[in-house]
A.B. asks: 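My questions will all concern the structure given below.
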Amino acid sequence: MFFCAYSQSLIVQDIQAFGGKGNKISVQWENPKDPQNQITGYKIYRTRSQITSYAQIQKLEAVDEVSSETTGYTDTVNDFNEYFYTVITVTTKPVQIVLLSYNSTVRGAKLKEQYKEPPKEDSISEKLYPEGVLRETPLPSINLSGEMDKKEADFSEATEAKTNSLITKNKTKEKPLTQYIFEEDLISPDGGDDYLLFNILKDYFVQRKYEEAAVQLQRLAGTNINDNTRNRTYFYLGEAQYMMGHYEEAVKTFVKLENVYPVLIKKWLNSSLDRL
């Protein structure tokens with residue numbers, strides 16, 4: 001009982017760190033709900049290995065110290081190494097307790113490589129087959145106009161044909177894609193629609209709880225949120241479906257955003273279609 005009460009009053013909880021584009025790593029945590037002592041701030045430590053005790057950092061300099069109202073920190077690094085973060089509460093002196101997943105990250109975080117648009121091809125040559133010779137690999141087709149909410153976009157035959165044309169003939173499967181998070185969703189916003197989306201990403205998506213994430217994202221997309229947030233919500237929904245192996249559902253979701261994020265969507269559509 002002493003440990004529980006003490007940790008809740010002086011230890012930050014639910015710490016998470018994840019890298020974004022550029023040279024930024026975002027660190028988020030939950031402040032103590034009812035501190036028994038006056039908290040003056042938090043010291044943030046960055047290390048190359050996991051921290052499990054205060055003895056590992058007591059001789060290190062904190063990378064920064066933030067105010068007691070702060071629940072997040074954006075670190076700047078200049079390499080692609082993996083880093084672990086620890087947040088120590090400061091009262092009259094630092095609280096010398098480190099608990100994994102409470103105030104010390106379990107997983108390391110590192111920068112994401114910048115997404116680069118593929119070079120534009122001047123033209124695409126069509127492969128011709130002699131009379132009587134069949135195509136080596138028949139192109140699969142997908143019904144994009146199946147059971148969908150009437151509020152969602154209707155897909156014409158032209159759209160379906162365009163989607164199917166993204167499949168590359170005789171293509172060897174590439175490695176599965178990894179999580180992509182928009183830069184604006186790496187830092188906790190002050191409030192509004194973006195804050196609702198950020199919480200879903202923090203609680204489910206980055207934790208790889210894709211089934212729960214899909215339910216929450218679908219629910220958020222059906223509410224009265226702004227178009228920009230809705231577009232990103234649908235993109236993360238498509239990602240969650242992709243990660244669960246529901247590639248047909250992912251394709252239906254990604255196609256809605258073809259004109260919003262053309263280059264990025266083409267990449268995810270190709271990978272989804274390749275796995276059908």
A.B. asks: State which residue, out of E30, Q207, R107, fulfils the side-chain hydrogen bond (donor to acceptor under 3.5 Å, both in side chains) condition with Q16.
C.D. replies: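 Considering E30, Q207, R107, a side-chain hydrogen bond (donor to acceptor under 3.5 Å, both in side chains) with Q16 is found only for Q207.
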A.B. asks: Please lay out, stage by stage, how M243 and R208 fare under the test side chain to side chain contact (heavy atoms under 4.5 Å, CB included).
C.D. replies: CA-CA 9 Å; M243 297 301 181; R208 294 179 172 83; over 6 Å; no
A.B. asks: May I ask you to check whether Y236 and Y210 place their ring centers less than 6.0 Å from one another?
C.D. replies: no
A.B. asks: What's the verdict on side chain to side chain contact (heavy atoms under 4.5 Å, CB included) for N231 and Y261, showing C-alpha distance, side-chain angles and the deciding distance?
C.D. replies: CA-CA 9 Å; N231 288 336; Y261 314 115; 3.5 Å; yes
A.B. asks: Going by atom types alone, do Q241 and E248 pair a side-chain donor with an acceptor below 3.5 Å?
C.D. replies: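 Absent: no donor and acceptor within the cut-off.
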A.B. asks: Nearest 0.5 angstrom please: D193 CG to T223 OG1, how far?
C.D. replies: 7.0 Å
A.B. asks: Looking at D14 and K202, is any side-chain nitrogen of the basic one under 4.0 Å from a carboxylate oxygen of the acidic one?
C.D. replies: yes
A.B. asks: Using distance alone, with no hydrogens and no angle criterion, decide if S26 and Q28 have a side-chain donor and acceptor under 3.5 Å apart.
C.D. replies: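 Note: S26 and Q28 side chains meet the donor-acceptor criterion.
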A.B. asks: Anything under 30° is parallel, anything over 60° is perpendicular, the rest tilted; go ahead and classify W29 against Y42.
C.D. replies: perpendicular
A.B. asks: Which heavy-atom pair separates R275 from P176 by the least distance, and what is that distance?
C.D. replies: NH2-N, 3.1 Å
A.B. asks: Measure the acute angle between the ring planes of F235 and Y180, then classify it against the limits of 30° and 60° as parallel, tilted or perpendicular.
C.D. replies: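 The rings of F235 and Y180 stand perpendicular, inter-plane angle above 60°.
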A.B. asks: If you take all heavy atoms of G222 and R230, which pair is closest and at what distance?
C.D. replies: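 Shortest heavy-atom separation between G222 and R230 comes out as N-NH1, 4.5 Å.
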A.B. asks: Show your working on side chain to side chain contact (heavy atoms under 4.5 Å, CB included) between T86 and T105 and close with a plain yes or no.
C.D. replies: CA-CA 6 Å; T86 303; T105 55; over 6 Å; no
A.B. asks: Using a distance-only test with no angle check, is there a side-chain donor-acceptor pair under 3.5 angstrom linking D190 and Y195?
C.D. replies: no
A.B. asks: Looking at CD of Q216 and CG of L201, how far apart are the two atoms once the value is rounded to the nearest 0.5 Å?
C.D. replies: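 That separation rounds to 11.5 Å.
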A.B. asks: Is any NZ, NE, NH1 or NH2 atom of the basic residue among D185 and R232 found under 4.0 Å from an Asp or Glu carboxylate oxygen of the other?
C.D. replies: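 Yes.
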A.B. asks: How about S271 and Y242: does a side-chain donor come under 3.5 Å of a side-chain acceptor?
C.D. replies: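 Side-chain D/A pair, S271 to Y242: present.
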A.B. asks: Can you find a pair of side-chain heavy atoms, one from L197 and one from L220, that are under 4.5 Å apart?
C.D. replies: yes
A.B. asks: Does the T70 side chain pair with the main chain of G72, one donor and one acceptor, at a distance under 3.5 Å?
C.D. replies: no
A.B. asks: Is there side-chain contact between T40 and T91, with at least one heavy-atom pair below 4.5 Å?
C.D. replies: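 They are not in side-chain contact.
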A.B. asks: Taking all atoms of both residues into account, what is the closest heavy-atom pair of N103 and I97, and its distance?
C.D. replies: ND2-O, 2.9 Å
A.B. asks: Y204 versus L217: any side-chain heavy-atom pair under 4.5 Å?
C.D. replies: no
A.B. asks: If only side-chain N and O atoms count, and only distance matters, is there a donor-acceptor pair under 3.5 Å linking Y73 with D64?
C.D. replies: yes
A.B. asks: Does some side-chain heavy atom of R48 sit less than 4.5 Å from a side-chain heavy atom of E82?
C.D. replies: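 Heavy-atom side-chain distance check fails, nothing below 4.5 Å.
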A.B. asks: Looking only at non-hydrogen atoms, find the nearest pair between I39 and P32 and report the distance.
C.D. replies: CD1-CG, 3.8 Å
A.B. asks: Working to the nearest 0.5 Å, report the span between OG1 of T233 and CZ of R219.
C.D. replies: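 The CZ atom of R219 is 13.5 Å from OG1 of T233, to the nearest 0.5 Å.
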A.B. asks: Looking at every heavy atom in both L111 and N23, which two are closest together, and how far apart are they?
C.D. replies: CD2-C, 3.5 Å
A.B. asks: Looking at side-chain heavy atoms only, is the closest gap between L186 and F18 below 4.5 Å?
C.D. replies: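 Answer yes - side chains close enough.
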A.B. asks: Say whether T229 and D194, considering side chains only, have a donor N or O and an acceptor N or O under 3.5 Å apart.
C.D. replies: yes
A.B. asks: With a 3.5 Å distance limit and no angle check, can you tell me whether S104 reaches the backbone of V98 through a side-chain donor-acceptor pair?
C.D. replies: no
A.B. asks: Can you tell if the side chain of T47 reaches within under 4.5 Å of the side chain of L60, non-hydrogen atoms only?
C.D. replies: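 In short, these two side chains touch, coming nearer than 4.5 Å.
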A.B. asks: Step by step, would you call V90 with E65 a side chain to side chain contact (heavy atoms under 4.5 Å, CB included)?
C.D. replies: CA-CA 9 Å; V90 178; E65 183 170 348; 4.0 Å; yes
A.B. asks: When you compare the side chain of L177 with that of W268, does any pair of heavy atoms fall below 4.5 Å?
C.D. replies: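 Sidechains of L177 and W268: in contact.
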A.B. asks: T52 and Q56: side-chain donor and acceptor closer than 3.5 Å?
C.D. replies: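 Yes, a side-chain donor-acceptor pair sits under 3.5 Å.
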A.B. asks: So do the side chains of V206 and Q179 get within less than 4.5 Å of each other, counting heavy atoms only?
C.D. replies: yes
A.B. asks: Just checking, R46 and Y83: is the charged tip under 6.0 Å from the six-membered ring centre and within 45° of the axis?
C.D. replies: yes
A.B. asks: If I compare all heavy atoms of F254 with all of S272, which pair ends up nearest, and what's the gap?
C.D. replies: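 Smallest interatomic distance, heavy atoms only, reads CE1-OG, 3.8 Å.
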A.B. asks: How long is the straight-line distance from OH of Y234 back to NZ of K252, given to the nearest 0.5 Å?
C.D. replies: 13.5 Å
